[in-house]
Number of protein chains: 2
Amino acid sequence: MATRGNGRPRRPSITDVARRAGVSVGTVSNVLNRPEQVTPATRERVQAAIEELNFVRNASARQLRAGTIRTVGAIVLDIANPFFTEVARGIEDRLAPDEYTLMLSSSDEDPEREARYLRLYEEHGVQGVLVTPSQGSLEAILALRERGIGVVLLDATSDVEDVSSVGVDDVRGAALAVEHLLELGHERIAFINGPDSIRQCVDRRAGVVSALLAAGRDPADVLTEVTVGSLNADAGEKAMNELLGVDAARRPTATFCVNDFTALGALRALRWADVRVPDEMALVGYDDVVIAPMLTVPLTSVHQPTHTLGWTAADLLLREASAEGAVEHQRVLFQPELVVRTSTAGG
Amino acid sequence: MATRGNGRPRRPSITDVARRAGVSVGTVSNVLNRPEQVTPATRERVQAAIEELNFVRNASARQLRAGTIRTVGAIVLDIANPFFTEVARGIEDRLAPDEYTLMLSSSDEDPEREARYLRLYEEHGVQGVLVTPSQGSLEAILALRERGIGVVLLDATSDVEDVSSVGVDDVRGAALAVEHLLELGHERIAFINGPDSIRQCVDRRAGVVSALLAAGRDPADVLTEVTVGSLNADAGEKAMNELLGVDAARRPTATFCVNDFTALGALRALRWADVRVPDEMALVGYDDVVIAPMLTVPLTSVHQPTHTLGWTAADLLLREASAEGAVEHQRVLFQPELVVRTSTAGG
DNA sequence: CAGTGGTCATGAATCGTTTCAAGGACGAAA
DNA sequence: TTTCGTCCTTGAAACGATTCATGACCACTG
């Protein structure tokens with residue numbers, strides 16, 4: 001068998017198939033791409049040759065000539081983060097039926113890493129990219145479009161007009177949580193929030209405040225905000241202990257946590273302080289992580305349509321790719337949903 | 001600017017760069033691949049042209065000629081599963097410094113889906129694939145190697161001799177959990193396990209039994225096994241309630257759950273029945289999911305080196321790819337680790 | 001029987017890169 | 001001045017598929 005220098009067998013090419021079937025390469029190509037234009041007899045002969053040789057198309061050669069490739073690149077902040085994991089799954093589910101492949105990487109919010117992957121994807125000639133932009137990388141991303149590469153921003157509510165993006169309305173999500181607590185009659189509400197350097201924290205605070213105002217409350221009266229440095233359980237526990245320092249008659253009767261991890265910590269603090277949930281303290285989280293319903297006290301949380309988010313992003317991209325001429329850019333903002341469980345409406 | 005029929009600008013090629021810099025294409029290629037062989041003056045001229053034109057290499061043409069491509073394909077059972085997510089991150093972290101790209105898909109344990117992705121990857125000419133094989137797909141995977149594609153099995157303790165694989169020792173992991181409980185003095189241990197159709201369940205049972213035997217105990221005396229149909233919290237809760245049906249004097253004093261989700265359910269049942277953890281019932285999970293330490297009662301669990309698993313799999317693959325001639329196949333089995341927390345050793 | 005139309009198969013050109021034998025320029029040595 | 005040798009650069013041939021103008025062949029029609 002022919003080799004390619006490194007001793008590995010060369011994979012059979014369309015030429016080998018043609019020779020074996022006694023036809024020309026053009027015919028083999030026709031069998032592969034326009035089978036109806038080939039006589040059944042010939043077609044079968046070619047098919048047989050293909051199977052005997054274990055012929056597999058060479059995507060590179062194909063793309064080189066045809067100019068297109070059924071591949072999409074995605075760059076998320078961190079594949080190991082459940083949020084992006086579910087988004088990725090949504091992307092995949094949109095791509096699979098169209099036989100597209102997905103190239104996936106994590107930027108870790110490092111613009112340099114992101115740029116490197118973008119270039120790699122561009123070299124590969126992907127049809128488009130789905131990106132969660134890091135700080136200040138938007139410009140480079142948009143430049144891709146001038147070189148014929150589709151772009152859809154993931155989980156970014158961009159100010160830029162002419163680029164498609166998908167995101168979830170964090171302001172609304174937080175408002176939902178607070179509205180729920182108000183409806184339950186809570187008049188002193190705590191908000192355990194993270195630093196302003198995280199967009200989500202800023203948006204969610206805005207949602208909290210707007211919900212209070214919309215209900216005719218003065219945030220200064222109702223709201224106690226505790227800011228933590230990082231969004232994990234330990235921080236949440238510490239924050240809740242701080243809240244519990246106030247005597248029971250004057251402390252908040254409900255707490256909204258900026259994410260489920262901090263809520264878990266808060267829950268732990270409540271348990272150790274023997275404060276009953278939700279009777280003495282109602283609790284709402286955000287993200288609706290997979291274990292939220294599995295907890296000893298199932299956690300009320302704001303659910304984000306992550307799968308749909310990814311699916312839609314991929315859908316927009318494929319649509320733009322197949323659109324003739326000018327493309328209409330869409331900016332989709334999904335609405336989160338409050339999932340009420342025992343931690344607020346316990347029975 | 002030149003177009004390619006669909007109205008999008010054609011990306012500049014090496015020829016365009018050559019023309020602009022007033023050199024031949026060969027020289028441009030040399031600048032890109034063997035810069036030391038080019039006079040600094042020429043090199044700079046070419047570099048300038050590259051930047052002015054925003055030239056980006058065409059990976060397809062490159063691969064077509066050079067025969068190689070820095071891409072690896074991975075097929076896991078489900079990207080949305082945290083286990084595989086962390087594995088994927090490990091793979092990525094191994095590939096990134098070598099400028100490899102990762103193509104990632106989920107097979108959902110469907111051999112047909114898996115086969116489709118394998119073919120897609122093969123068409124793309126990936127250097128190798130990392131696969132968690134579905135039922136009965138091993139043969140097709142191994143056939144790839146005859147066509148020059150590297151293969152490393154992920155999370156599979158394969159019986160096949162001559163293929164590299166990485167996995168985690170589930171037998172040992174379960175044994176660790178049981179040894180721990182025995183050391184704490186527990187003499188009646190429950191094991192909430194899943195169906196035998198799942199390999200992990202079978203392996204972990206074997207580990208439980210072997211640990212008991214090794215300690216000179218008769219499993220028939222010590223062990224109470226409850227089998228659940230699916231590995232989620234509700235099933236775990238039900239199983240634990242069943243165990244609690246026995247009067248306190250004779251029921252198990254410790255429970256080992258086949259994964260953390262069932263353990264969460266068990267924990268919930270214990271809380272509602274007002275059984276103190278770990279005093280009246282110790283609890284061990286498996287997987288060490290991210291929230292295990294965040295729980296009200298932090299959960300003792302068996303931790304698997306998922307990131308390392310992925311990293312090592314990718315490492316084996318790259319090594320095999322760069323190895324000259326015959327490759328030595330390695331089968332790496334990682335050892336899990338018990339992380340002791342309050343749910344067994346509570347203060 | 002010539003003419004027409006339609007169906008299939010052909011083979012050369014093409015995509016953008018890498019590679020390599022061959023040639024050019026230039027300086028050093030004789 | 002001639003002759004080498006060295007160092008850069010060149011240009012054409014590949015890689016494997018797709019595409020398309022061309023032509024072969026056959027069946028009808030008039």
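These figures come from a predicted structure and were not determined experimentally. A, B, ... follow the sequence lines: proteins, then strands. Residue 1 opens every chain. Computed from heavy atoms alone, side chains included, the values below leave out hydrogens, waters and symmetry copies.
- With hydrogens and angles ignored, a donor-acceptor pair under 3.5 angstrom links the side chain of R65(A) to the base of dT18(D).
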Give me, pair by pair, the N or O atoms of the protein and of nucleotides 23-26 of chain D that are less than 3.5 Å apart, along with how far apart they are.
none

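- Between the CZ atom of R45(A) and the C1' atom of dA9(C) there is a distance of 11 Å, given to the nearest Å.
- Applying the side-chain contact (heavy atoms from CB on, under 4.5 Å) rule to P305(B) yields the partners V168(B), T308(B), F334(B); only residues at least two apart in sequence or on another chain are considered.
- Taken residue by residue, residues 49-62 of chain B places no heavy atom nearer than 4.0 Å to DNA chain D.
- Between D16(A) and R20(A) no salt bridge is recorded (no basic side-chain N to carboxylate O distance below 4.0 Å).
- We find that R119(A) and E122(A) are not joined by a salt bridge, their nearest charged nitrogen and carboxylate oxygen being 4.0 Å or further apart.
- Atom CD1 of I69(B) and atom P of dG16(C) are 17 Å apart (whole Å).
- One finds a side-chain N or O of T42(A) lying less than 4.0 angstrom from the OP1 or OP2 phosphate oxygen of dA9(C).
- Nucleotide dC7(D) holds its C1' atom 10 Å from the CD atom of Q37(B), rounded to whole Å.
- Judged purely by distance below 3.5 Å, without hydrogens or angles, the side chains of N81(A) and R89(B) never pair a donor atom with an acceptor atom.
- Salt bridge R199(B)/D155(B): present, at least one basic N to carboxylate O contact under 4.0 Å.
- Distance I14(A) CD1 to dA12(C) C1': 14 Å, rounded to the nearest Å.
- Under the 4.0 Å criterion applied to side-chain N and carboxylate O atoms, R116(B) and D110(B) are not assigned as salt-bridge partners.
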Worked verdict on L118(A) versus I149(A) for side chain to side chain contact (heavy atoms under 4.5 Å, CB included): CA-CA 10 Å; L118(A) 284 177; I149(A) 298 177; over 6 Å; no
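- Within a 6.0 Å sphere centred on CZ of R319(B), other residues, nucleotides and ligands contribute 12 heavy atoms or fewer.
- Summarising the geometry, the separation between CG on L64(A) and P on dT18(D) is reported as 11 Å, rounded to the nearest angstrom.
- In summary, of the residues considered (L309(A), L154(A), I79(A), T132(A)), a side-chain contact (heavy atoms from CB on, under 4.5 Å) with F84(A) occurs for T132(A) alone.
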Side chain to side chain contact (heavy atoms under 4.5 Å, CB included) between I75(A) and L130(A), intermediate numbers included: CA-CA 6 Å; I75(A) 303 179; L130(A) 305 166; over 6 Å; no
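- In this structure E86(B) satisfies the side-chain contact (heavy atoms from CB on, under 4.5 Å) test together with T306(B), sequence neighbours excluded.
- Note on the helix from dC1(C)-dG30(D) to dA30(C)-dT1(D): angle between the axes of the first and last five pairs equals 60°, rounded to 10 degrees.
- Judged by distance alone, with hydrogens and angles left aside, the side-chain atoms of S107(A) form a donor-acceptor pair with the main-chain N or O of E109(A) at under 3.5 Å.
- For R43(A) and dC8(C), the CZ to C1' distance is 12 Å, given to the nearest whole Å.
- Q63(B) contributes a side-chain N or O that, together with a main-chain N or O of H124(B), makes up a donor-acceptor pair within less than 3.5 Å.
- A heavy atom closer than 4.0 Å to some atom of DNA chain C occurs in V23(A), S24(A), G26(A), T27(A), N30(A), these being the qualifying members of residues 15-36 of chain A.
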